[in-house]
**Student:** 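This structure is in structure tokens; I'll ask about it shortly.
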Amino acid sequence: MSDRSRHLIGLLLGAEEDWPQAFEALLQRVGPVTLDGHEHEFGSRRLTIEPFDLNDPVRVGLVIDRLAYWYYHPREWLKKAALMNGTYLLNSPFTFQAMEKHSAYCAMLRLGLKIPRTVLVPYKNPVDNVRWAYTSAKYNRPFDLDAIADDLGYPLYMKPFDGGGWRGVSRINNRDDLHRAYDESDEMLMHLQATVEYDKFARALSIGAETMVMDFRPDEPMHNRYAVSHGFLSPSAGHQTVAISRIVNAFFGWEFNSCEMLVAGDEVYPIDYANACPDVAVTSLHYYFPWAISALVKWSVFSLATGRRSKVDLRTERYFEIADDESMDYDAKLDGYLALADEHFETAKYQEWCAAHLGDFDLRVREWVAGPDFDRLLRETVVATYPEHEQDKFHAHFKGLTDLWLADQAG
């Protein structure tokens with residue numbers, strides 16, 4: 001008789017219903033996994049928010065967090081669970097709190113990635129602190145906002161240093177735009193960032209050891225932003241976009257994150273890659289939704305069954321040693337960083353483990369997407385998202401795209 005372990009995955013959720021239902025349905029299709037004579041079973045639980053003693057036990061072995069980036073009580077529970085109970089977290093609340101977009105830019109600039117020029121400017125309006133008047137009068141130096149923008153070049157972007165859901169992001173085409181956006185920034189601390197003339201806007205979603213690079217069209221309505229497009233990047237740019245997304249995640253200890261990049265020919269410029277709650281809605285990902293949820297299931301069960309452990313020590317000095325090696329060109333450094341990232345994610349082990357223990361899981365995913373349970377989920381999501389007179393149109397739109405995914409998988 002084999003030993004048996006029952007693993008629970010905690011879902012820490014905000015207002016989402018589509019992907020959690022899909023995750024729960026696909027997790028049920030994993031079944032028991034036997035590894036070295038030990039049987040592993042998997043279930044999930046939606047976590048609730050309540051007072052907690054720092055010595056309380058934690059039942060769940062892994063947490064997928066979609067809430068703590070703005071709701072601080074569960075964020076502190078996650079820290080306690082990781083430090084006190086060894087709970088595995090797909091995204092580290094420690095680094096997401098400390099390494100907001102500003103710090104993430106600095107770290108990747110340190111590695112030599114092609115981050116567009118970025119300048120942090122002081123607050124437009126006083127912060128809510130009694131010391132502000134004295135400190136600003138004594139130490140704040142006057143600066144010429146127009147001169148900074150002229151030096152960066154128009155068009156440019158103004159965006160909060162800590163970002164989040166396109167909050168406060170403005171495209172700045174001229175001085176009027178510049179002063180209007182800065183006046184409206186109020187107490188937000190803002191970056192000015194140069195842009196580049198680009199051919200494609202690539203958005204890479206990385207989940208554990210898997211990455212999907214998608215052709216993203218930010219000016220389109222949300223339901224039409226992700227184009228179903230294959231081979232839209234050159235081989236070199238395609239390799240770089242996958243590598244950069246995975247390197248960012250390994251460097252910061254993130255395992256469920258999206259990376260936005262501007263691509264001009266073979267040049268790749270990362271512009272946003274600290275997303276604690278990346279978009280996985282069926283009404284935006286559509287065609288790519290089944291891949292995303294199945295990858296999330298597979299990475300979660302792999303992490304639990306193989307006993308992966310979260311690391312507070314990120315060992316960033318290994319990356320900096322490569323960054324400082326003057327004998328290596330950009331491509332060689334990127335490959336060196338990627339090797340460290342693949343070591344972090346145990347990429348080869350993950351692929352071999354999935355082939356050995358989840359061999360028919362992809363078929364079960366396709367059967368679920370083709371069945372009535374997925375169609376019910378899709379209909380419910382469309383009804384909750386769109387006005388009544390548009391619901392049939394959007395249901396048909398997303399059903400057509402997921403049917404195209406099914407056809408492509410069968411092919």
Side-chain angles (χ1 to χ4, degrees), residues 14-22 66 155 157 159 163-171 173 195-207 211-234 237-238 241-242 245 256-264 268-273 275 277-296 369-370 374-409 411:
E16 304 160 297
E17 282 295 338
D18 54 350
W19 81 260
Q21 290 188 53
R66 304 283 290 179
Y157 284 86
K159 48 189 177 180
W166 295 72
R167 169 181 59 88
V169 177
S170 300
R171 179 181 170 92
N173 294 306
T195 189
V196 296
E197 294 296 327
Y198 64 92
D199 305 314
K200 288 291 183 179
F201 190 125
R203 188 167 195 163
L205 178 61
S206 285
I207 300 172
T211 301
M212 181 68 70
V213 181
M214 295 166 282
D215 186 355
F216 191 66
R217 301 173 294 191
D219 295 329
E220 291 285 326
M222 184 57 75
H223 71 274
N224 206 35
R225 286 185 182 175
Y226 293 90
V228 179
S229 178
H230 309 296
F232 65 97
L233 298 176
S234 70
T241 54
V242 171
S245 183
F256 186 13
N257 185 38
S258 62
C259 180
E260 295 174 358
M261 293 158 278
L262 305 180
V263 182
V268 178
Y269 301 88
I271 60 168
D272 184 2
Y273 44 85
N275 297 294
C277 190
D279 179 19
V280 285
V282 67
T283 50
S284 51
L285 286 190
H286 46 74
Y287 177 92
Y288 299 102
F289 181 78
W291 166 81
I293 307 309
S294 61
L296 194 56
V369 173
F374 175 76
D375 191 57
R376 173 198 56 77
L377 181 153
L378 183 60
R379 170 65 72 175
E380 288 179 357
T381 306
V382 167
V383 168
T385 306
Y386 296 100
E388 185 175 0
H389 69 279
E390 293 184 332
Q391 289 169 6
D392 288 343
K393 176 185 74 173
F394 279 110
H395 178 263
H397 173 74
F398 296 125
K399 186 70 167 63
L401 287 165
T402 52
D403 284 349
L404 176 61
W405 178 82
L406 285 169
D408 286 348
Q409 297 304 302

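When reading the values below, keep in mind they use all heavy atoms of this one structure, side chains included, and skip hydrogens, waters and symmetry mates.
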**Student:** Among residues two or more places apart or on two chains, list those pairs meeting salt bridge (charged side-chain N to carboxylate O under 4.0 Å, His left out) that have a residue in residues 394-403.
**Tutor:** Lys399-Asp403
**Student:** If I compare all heavy atoms of Val263 with all of Ala202, which pair ends up nearest, and what's the gap?
**Tutor:** CG2-CB, 4.1 Å
**Student:** Go through the side-chain N and O atoms of Thr385 and Thr283 and say whether any donor and acceptor fall under 3.5 Å apart.
**Tutor:** no
**Student:** Which heavy-atom pair separates Asn275 from Ser258 by the least distance, and what is that distance?
**Tutor:** ND2-O, 2.8 Å
**Student:** At their closest point, which heavy atom of Ala292 faces which heavy atom of Leu285, and how far apart are they?
**Tutor:** CB-CD1, 3.9 Å
**Student:** For Phe256, what residues pass the ring pair (Phe, Tyr, Trp, His ring centres under 6.0 Å) criterion, not counting sequence neighbours?
**Tutor:** none
**Student:** Step by step, would you call Ser245 with Tyr273 a side-chain contact (heavy atoms from CB on, under 4.5 Å)?
**Tutor:** CA-CA 8 Å; Ser245 183; Tyr273 44 85; over 6 Å; no
**Student:** Which heavy atom in Ser294 sits nearest to a heavy atom in Trp291, and how many Å separate them?
**Tutor:** OG-O, 3.0 Å
**Student:** Between Val369 and Phe289, is there a side-chain heavy-atom distance shorter than 4.5 Å?
**Tutor:** no
**Student:** Who passes salt bridge (Lys or Arg N to Asp or Glu O under 4.0 Å) against Asp215, sequence neighbours left out?
**Tutor:** Lys200
**Student:** Might you point out which heavy atoms bring Asp18 and Ala281 nearest each other, and give the distance in Å?
**Tutor:** OD2-CA, 3.3 Å
**Student:** Does some side-chain heavy atom of Val213 sit less than 4.5 Å from a side-chain heavy atom of Met261?
**Tutor:** no
**Student:** Please evaluate residues Glu220 and Arg225 with respect to the criterion salt bridge (charged side-chain N to carboxylate O under 4.0 Å, His left out), reporting the C-alpha separation (whole Å), side-chain torsions for both, the decisive distance (0.1 Å), and the verdict.
**Tutor:** CA-CA 5 Å; Glu220 291 285 326; Arg225 286 185 182 175; over 6 Å; no
**Student:** Among residues at least two apart in sequence or on other chains, which ones pass salt bridge (Lys or Arg N to Asp or Glu O under 4.0 Å) with Glu16?
**Tutor:** Arg66
**Student:** I need the Arg217 CZ to Arg203 CZ distance, nearest 0.5 Å.
**Tutor:** 14.0 Å
**Student:** Quick one: does any side-chain atom of His286 pair with a main-chain N or O of Val228 as donor and acceptor, under 3.5 Å?
**Tutor:** no
**Student:** I'd like to check Val282 versus Phe398 (side-chain heavy atoms, cut-off strictly below 4.5 Å). Are they in contact?
**Tutor:** no
**Student:** Nearest 0.5 Å please: distance from the CZ atom of Phe232 over to the OG1 atom of Thr241.
**Tutor:** 6.5 Å
**Student:** Taking C-beta and beyond as the side chain, do Ser206 and Asn257 meet within less than 4.5 Å on heavy atoms?
**Tutor:** no
**Student:** Hey, does His397 have a side-chain heavy atom less than 4.5 Å from the side chain of His223?
**Tutor:** yes
**Student:** Less than 4.5 Å apart, side chain to side chain, heavy atoms only: is that true for His395 and Leu378?
**Tutor:** yes
**Student:** When you compare the side chain of Tyr288 with that of Leu205, does any pair of heavy atoms fall below 4.5 Å?
**Tutor:** no
**Student:** If you take all heavy atoms of Val268 and Pro270, which pair is closest and at what distance?
**Tutor:** O-CD, 3.6 Å
**Student:** Can you name the residues that form a side-chain hydrogen bond (donor to acceptor under 3.5 Å, both in side chains) with Tyr287, not counting sequence neighbours?
**Tutor:** His230, Asp408
**Student:** I want to check something: taking the side chain as every heavy atom from C-beta on, are Leu262 and Phe201 in contact at a cut-off of under 4.5 Å?
**Tutor:** yes
**Student:** With sequence neighbours left out, which residue pairs that include part of residues 381-393 fulfil the salt bridge (charged side-chain N to carboxylate O under 4.0 Å, His left out) condition?
**Tutor:** Arg379-Asp392
